[in-house]
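Worksheet for the structure shown next.
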Protein chains: 2
Amino acid sequence: MEVELLELLKDLETLKRSLPDSSLHASIDKMRLRVDYVTNLANAAPARRSKVKDMSAEVVDTNPYSRLMALQRMGIVENYERIREFSVAIVGIGGVGSVAAEMLTRCGIGRLLLYDYDKVELANMNRLFFRPEQVGMTKTDAAVQTLSDINPDVVLESYTLNITTVQGFDTFMSSLKNKTFRPSKEGSGVDLVLSCVDNYEARMAVNQACNELNQIWMESGVSEDAVSGHIQLLVPGETACFACAPPLVVASGVDERTLKREGVCAASLPTTMGVVAGLLVQNTLKLLLQFGNVSPYLGYNSLKDYFPTMEMKPNPQCSNAACLERQKEYMLTKPVRDAAAKAKLEAAASVALEGPLHADNEWNISVVDDSDPDSIDGATSDALPEGLKRELPTADEFQNTPPAAVPTTTTVDDLEELRKQLEALNAE
Amino acid sequence: MEVELLELLKDLETLKRSLPDSSLHASIDKMRLRVDYVTNLANAAPARRSKVKDMSAEVVDTNPYSRLMALQRMGIVENYERIREFSVAIVGIGGVGSVAAEMLTRCGIGRLLLYDYDKVELANMNRLFFRPEQVGMTKTDAAVQTLSDINPDVVLESYTLNITTVQGFDTFMSSLKNKTFRPSKEGSGVDLVLSCVDNYEARMAVNQACNELNQIWMESGVSEDAVSGHIQLLVPGETACFACAPPLVVASGVDERTLKREGVCAASLPTTMGVVAGLLVQNTLKLLLQFGNVSPYLGYNSLKDYFPTMEMKPNPQCSNAACLERQKEYMLTKPVRDAAAKAKLEAAASVALEGPLHADNEWNISVVDDSDPDSIDGATSDALPEGLKRELPTADEFQNTPPAAVPTTTTVDDLEELRKQLEALNAE
């Protein structure tokens, strides 16, 4: 459009010069102003937010990070802004990967590496993220378009390739090794790899790369009937790798997709994929920002809202050579890890002896002995701030009720005591 | 822009007529063609998909419903297309409500009613759905813009109002009662109300409306520290209403938001809100399309990946008069419900006696007696289709291994046996 408008300006200029009658020049100048105006309108991109240098906790409507920095104030995360140092690679930008990418982008992750070879189709519209006007674009291009609009602070790298081809795998490996973003980082150039692919071959490729690079990664998957899914943490040498416990039946030597019956496709739902992406990125945040417990495995059975968990140790007979190497390294460093863990426990114990955990006590929390009725009745512990009322009576309104006769519970102190009780019971 | 371009065309026409020298007419005609071209480009709206009359299960890239209709083929849903008959009202288009609306839109829900009074801010960008270029728009307008682009088949109704004001509540009530979309529907005009609000007052307003209308609804919420949430099903008269078990401390007579400390805001995460929205809409689909079990209450503790469930009966001393009325009605209709449930059970039992559950047996499933080694070795039950191989040896390859000597486990039949064992152990 800009080219056409520029040509139009040139045409007007030419016409003006060739006109013998200068009385018409004014009308041509008016037309040139109109073209300028239209050019400006055409060039005006939709309002994008500008980059933010530092993450601020300031509570104003214009701060895109206020609700995230509040995680520090709430005592959940110690240093939220560290998120800008991290690089996360997402393999497979489909129903799970695209939503995971959007969540990390909105959280202000430092750098995202996106891998996919597929194009957006109307048949993908039953999952979140991609829009109908992106049909025909590669998923990586469409993702970069959407994500850079949402948060220009995130460094986005996109790789339109298939990691299961020889060349694709090489590029995948070298992109993971690249440390330009944070040269001081130990190990590979990324902090975490998220596998969001939909087939066995691609999972095995991610597994191979991560075992070779000694790279922590998380696997995710959704069932063909769309109603269950899972996420799994894989730490080379420490937990089972993807080849340690392979599925019972897999495709061999043929494209998995040709195995599917003609005219039959897997079902999918935006709900299941949204939940799996949410659980995946929540565990990513817990791992990177060090809060809560990272789940080694978490399933989601949506028909029953059942969430199974388990842990899997590596298989000493694993078919993957790199996995066996990582297992050996892990065993060799075990004494060092044990000593470090012991020292950390002892340090924590001595700190606990030295004084209160939170010396500043910003929230004025005080420990009250609840066996002492005076302190419960005290105004400091019981009064509510102005504007708040209790919906139920407070505890002391029940204090005049005589306590019901409850059987006395015997405290069991040791095994000897337990043995005596057992004998007494048997003697009856 | 179109106006300017139209004026430009008129200017060129005027100029052409006023030109004495017709040799310049050709160059003006060329300019007019350029303007036409630019006008066409400017008018080309971003590619939107056209409306779809019937949901098709055809497996082609251009079918936006193929992966949803596949739920029928997978045996999860009996009649997916029924989703087009349903109306769902979403109150609160924030971090949970907007994602719930997008999921239902992508699933092809018949009609969505959206309620919110707030505007989009940059501070909302840490959650999914809204985009920076929508800052300043009302959340309802921005949602309608995005959702109608994603799926033009969904009937969208948006209400920019606060349901806790007298006038807002009246409009809310009458919009729920409106049955124009499906006049034959029993009860109110909507099939489900989803509460995705962030304060007590608004929840009480939804509770009041649903108790008065005898309307099933689901409540959702996310904690102020952003790391937990819940969903809850509320069936007036049958389960606890929101007033049956109120929170212990609530705001009274003042705006809840003024209670928050100056410069402190609640934390929020796209992950927690995405998971809660996913669980909420998954349970919505299960309720409307009748598959799986709808959870009466489901919590999400993200620090531990723990998902508590519970059921709550209505409170006979509930402070809400409409709730008490619904409870009375529910008790009165109990004999009818019991009789219907009994008849259904008996009908199911008699069908089971009459013949096989699936007479057509499309997948050629046959029951094999696994105590008969011949049938296990038989080619029909064990051969894999071409292109598949087993990763582990089949069961019969282990048959020649002599069984290891394992201690015989004594089966304990009754309490008497258990007592004897205990005595024997104590005699040692």
Side-chain angles (χ1 to χ4, degrees), chain A residues 1 4 8 11 15 27 31 34 37-38 41 46-49 59 61-64 66-68 70-71 74 76 103 106 121-123 125-126 132-133 225 227 246 249-252 254 259 263 265 267-268 270-271 274-275 278 281-282 292-293 295 298 302-305 307 387-389 391 426, chain B residues 1 4 8 11 15 27 31 34 37-38 41 46-49 59 61-64 66-68 70-71 74 76 103 106 121-123 125-126 132-133 225 227 246 249-252 254 259 263 265 267-268 270-271 274-275 278 281-282 292-293 295 298 302-305 307 387-389 391 426:
Chain A
M1 191 189 275
E4 285 293 318
L8 201 58
D11 291 348
L15 186 68
S27 88
M31 279 191 262
R34 278 203 206 282
Y37 181 77
V38 170
L41 276 183
R48 288 183 59 176
R49 83 160 170 85
V59 183
D61 291 341
T62 52
N63 179 3
S66 59
R67 308 294 204 265
L68 295 165
L71 288 165
M74 295 280 169
I76 302 293
M103 287 174 170
R106 291 185 183 264
E121 306 287 359
L122 267 188
M125 292 306 129
N126 68 320
E133 70 258 30
D225 64 5
V227 287
V249 174
V250 295
S252 136
V254 291
L259 284 170
C265 69
S268 59
T271 44
V275 169
V281 177
Q282 195 82 293
N293 303 317
S295 289
L298 179 63
S302 79
L303 294 185
K304 295 180 176 177
D305 279 337
F307 301 81
L388 290 178
K389 68 173 174 101
E391 281 286 287
N426 277 295
Chain B
M1 192 188 276
E4 285 293 317
L8 201 58
D11 290 348
L15 186 67
S27 86
M31 281 191 265
R34 279 202 206 281
Y37 181 78
V38 170
L41 276 183
R48 287 185 59 176
R49 83 162 171 83
V59 183
D61 292 341
T62 51
N63 179 3
S66 59
R67 309 294 205 262
L68 295 164
L71 288 164
M74 295 279 170
I76 302 295
M103 285 174 172
R106 291 186 183 263
E121 304 288 358
L122 267 188
M125 292 306 129
N126 69 321
E133 70 258 30
D225 64 5
V227 286
V249 174
V250 295
S252 133
V254 291
L259 284 171
C265 69
S268 59
T271 44
V275 169
V281 177
Q282 194 84 294
N293 303 319
S295 289
L298 179 64
S302 79
L303 296 184
K304 296 182 176 177
D305 280 336
F307 300 82
L388 291 178
K389 68 174 174 100
E391 281 285 288
N426 277 293

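Note on naming: letters A, B, ... go to the chains in the order of the sequence lines (proteins, then strands), and numbering restarts at 1 for each one.
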> Between Glu121(A), Arg67(A), Glu4(A), which shows the greatest number of heavy-atom pairs under 4.5 Å with chain B?
Replying inline: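 Highest number of pairs under 4.5 Å: Arg67(A).
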List the atom of [X], the atom of [Y], and the distance in Å for their closest heavy-atom pair.
X         : Y         : result
Asp305(A) : Ser295(B) : OD2-OG, 2.5 Å
Pro64(A)  : Met125(B) : CB-CB, 4.5 Å
Leu8(A)   : Met31(B)  : CD1-O, 3.6 Å

> Of all of Thr271(B), Asn293(B), Val281(B), which one pairs up most often with chain A through heavy atoms under 4.5 Å apart?
Replying inline: Thr271(B)
> Highest number of heavy-atom pairs under 4.5 Å with chain A: which of Ser27(B), Gly274(B), Gly292(B)?
Replying inline: Gly292(B)
Using non-hydrogen atoms and a 4.5 Å limit, figure out which bit of [X] sits close to chain A: side chain, backbone, both or neither.
X         : answer
Ile76(B)  : side chain
Ser268(B) : both
Asn63(B)  : backbone

Pick one of side chain, backbone, both or neither for [X], based on which atoms fall under 4.5 Å of a heavy atom in chain B.
X         : value
Leu15(A)  : side chain
Ser302(A) : both
Asp61(A)  : both
Leu298(A) : side chain

> Step by step, would you call Leu122(B) with Arg49(A) a side-chain contact (heavy atoms from CB on, under 4.5 Å)?
Replying inline: CA-CA 8 Å; Leu122(B) 267 188; Arg49(A) 83 160 170 85; 3.8 Å; yes
> Are Asp11(A) and Arg34(B) close enough that some pair of their side-chain heavy atoms sits under 4.5 Å apart?
Replying inline: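 Yes, side chains in contact.
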